[in-house]
Number of protein chains: 2
Amino acid sequence: MDTDVRNEIKADHRPDVSLGRRSPLAKTRIVVADRNVITRVGLRSILERNAGMAVVAEATTYDAVLDAVDEHGPDVLIIDLDLGDDTTRGLKLCEEVTDRYPATKILVLAQKLSEMIVVEALRRGVTGYLCKDDVKADELGKGVRSVQDGETVLGKGVGSMVARGLGSTRGQAEHLTDRELEVIRAVAAGLSNKQIAQQAYISESTVKFHLQNASRKLNAHRRAEIVHRANAAGLL
Amino acid sequence: MDTDVRNEIKADHRPDVSLGRRSPLAKTRIVVADRNVITRVGLRSILERNAGMAVVAEATTYDAVLDAVDEHGPDVLIIDLDLGDDTTRGLKLCEEVTDRYPATKILVLAQKLSEMIVVEALRRGVTGYLCKDDVKADELGKGVRSVQDGETVLGKGVGSMVARGLGSTRGQAEHLTDRELEVIRAVAAGLSNKQIAQQAYISESTVKFHLQNASRKLNAHRRAEIVHRANAAGLL
DNA sequence: TGACCACCTAGCCAAATGGCTAGGTGCAGG
DNA sequence: CCTGCACCTAGCCATTTGGCTAGGTGGTCA
């Protein structure tokens, strides 16, 4: 049943979901992506026992998520965007999934709330955003159902974050370049501009240049604030 | 041997564990403390299904942990020290449990690794420290068993952290005062000493004074580093 | 009573930072 | 080919900082 028709490039005809609305007979089919085994087991247990859904695959890497979605064409992808060390890849992944598998809804289950990540995720078609520590057991099932029905589900505190985020950073949150991140990390380690310059084989002027740009992008004015915001955004 | 003799104040007679060494017949009895329901369910599932242990209680607050340990006298307490907003209370809790219930071993299951927390926890009698994201399913059961047998279990990266931590900060990690924390938070927000002084109704000199002290305690030399370390220690 | 601690203040000086203008290169995509 | 972008450099100047010495108060605890 939940196979067939899957062939060619990345063809996707969703087997169970036939007419937009799910049938009361078919179980909601879910792919869980999280690098934490405890979370994966917990999610499976809650969703299958309490909510009567089916977790058809688990993934722990960005690549595995794509494979799983491609293979199973789930109704909902529950994902912690922080799989590898690069959260940006998680965002790209969302874009790719909503683009190539529009029938699969995405519910982000984040460890911590980052305004930038929330805003960027929603911009990329994510329709649900919950925070692991805040979510109650029954909210999970309800959230998945809502997301599956096309509703947008935002957990505690996420909503206001979105309002502020979309308001302040109209356009889009510019993302830091590699060099900028490198410099910020050095700043966080307590190095002076001169030390950073030596370490990176660039001039002190260049260090200041990168920091100025990072300041603008992060809307900070002091290096301590840069470090704080970069941290909050999960960039360090 | 390491049971009985417990009476009065918080009397507790351990039901299953009779003679220090667990019998192969008795299931290991566990209390799980974590504010995240997904993690609690996941832990229960892994420990009960895969490792043949029994989770006799779950707790989500510091007080509830004490109650649960008092009521059930478990073999092992698995806890995420970050229960409320004050991680220090988690450390105090460890001290209290090891003090009042020496037969109950503590296994910390942390979300993120903080050198300060690790060192302080071990100093307070914690015998296991694992990181949620790194732990494999089978390591959990093994870890619990080891801890129960009195062995010290340190997860990936924790060991080296302990070495560095105990080496550098011999004595003990001094903890920040309220004022110092207040100032650091303001620094993280990007305020200058002058602005912080106005906000806190103190002189600029005093702000510098507090920052100097905080620098020493956190072993940092620049405000950006102070913010970073305070953040890493879960103080902000 | 004395010791300790958190807290507060002052002033000095070298060094670091922030904020700015005004340039340069190489590479990728329309 | 032109544009944009990441990256790099220089210099100027006011402000902030780091690091220091040298004091003060009030509360707590032995």
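The chains referred to below are lettered A, B, ... by the order of the sequence lines, with proteins before strands, and numbering in each begins at 1.
Results of the side-chain contact (heavy atoms from CB on, under 4.5 Å) test with Val207(B) over Val187(B), Ile196(B), Leu191(B) single out Ile196(B) as the only residue that passes. Remark: of the listed residues His210(A), Lys217(A), Gln212(A), Arg185(A), Lys217(A) is the sole one forming a side-chain hydrogen bond (donor to acceptor under 3.5 Å, both in side chains) with Glu180(A). For the pairing with Ile30(A), the side-chain contact (heavy atoms from CB on, under 4.5 Å) check across Ile78(A), Leu77(A), Val56(A), Leu43(A) returns one residue only, Ile78(A).
The CD-P distance, from Gln212(A) to dC8(D), rounds to 16 Å in whole Å. Following rounding to the nearest Å, His210(A) (NE2) and dC8(D) (C1') show an atom-to-atom distance of 7 Å. Rounded to whole Å, the distance from NZ on Lys194(B) to C1' on dT15(D) is 8 Å. With rounding to whole Å, Gln195(B) atom CD is found 8 Å from dT16(D) atom P. In this structure, the CZ atom of Arg216(B) is 15 Å from the C1' atom of dG18(D), given to the nearest Å. One atom, CG of Leu211(A), and another, C1' of dC7(D), lie 14 Å apart when rounded to the nearest Å.
Summarising the geometry, atom SG belonging to Cys94(B) is positioned 5.5 Å from atom CD1 belonging to Ile79(B); distances are rounded to the nearest 0.5 Å. Going from atom CG of Leu91(A) over to atom CD of Glu120(A) covers 6.5 Å, rounded to the nearest 0.5 Å. Separation of atoms CZ (Arg35(B)) and CZ (Arg40(B)) is listed at 11.5 Å; rounding is to 0.5 Å.
The side chain of Arg223(A) contributes an N or O atom lying less than 4.0 Å from OP1 or OP2 of dG18(C). Regarding contacts with the backbone of dC8(D), a side-chain N or O of Arg179(A) is found under 4.0 angstrom from either OP1 or OP2. Residue His221(A) places at least one side-chain N or O under 4.0 Å from the OP1 or OP2 atom of dG19(C). Between dC7(C) and Thr177(B), a contact under 4.0 Å exists linking OP1 or OP2 to a side-chain N or O. A close approach under 4.0 Å does not occur between any side-chain nitrogen or oxygen of Asn193(A) and OP1 or OP2 of dA16(C).
Within the 3.5 Å criterion, the main-chain N or O of Val97(B) finds no donor-acceptor partner in the side chain of Thr104(B). Remark: the backbone N or O of Arg223(B) is not paired with any side-chain donor or acceptor of Arg223(A) at under 3.5 angstrom.
Using a 4.0 Å cut-off between charged nitrogen and carboxylate oxygen, Lys112(A) and Asp133(A) do not count as a salt-bridge pair. Note on Arg179(A) versus Glu182(A): salt bridge recorded, some NZ/NE/NH1/NH2 to OD/OE distance being below 4.0 Å. Salt bridge present: Glu225(A) and Arg229(A) bring a charged side-chain N and a carboxylate O closer than 4.0 Å. Comment: Arg124(A) does not engage Asp99(A) in a salt bridge, judged by the lack of any side-chain N to carboxylate O separation of less than 4.0 angstrom.
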Within the sub-3.5 Å range, which N or O atoms of nucleotides 22-27 of chain C have a protein N or O partner, and how far apart are they?
none

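Among the heavy atoms of the strands, none lies under 4.0 Å from Glu180(A). Residue contacts for Asn213(B): at a heavy-atom cut-off of 4.0 Å it reaches no nucleic acid atom on any strand shown.
Less than 4.0 Å separates DNA chain C from at least one heavy atom of each of the following residues of residues 196-208 of chain B: Ile202(B), Ser203(B), Ser205(B), Thr206(B), Lys208(B).
With the end axes of the helix from dT1(C)-dA30(D) to dG30(C)-dC1(D) each set by five pairs, the angle from one to the other reads 50° at 10° resolution.
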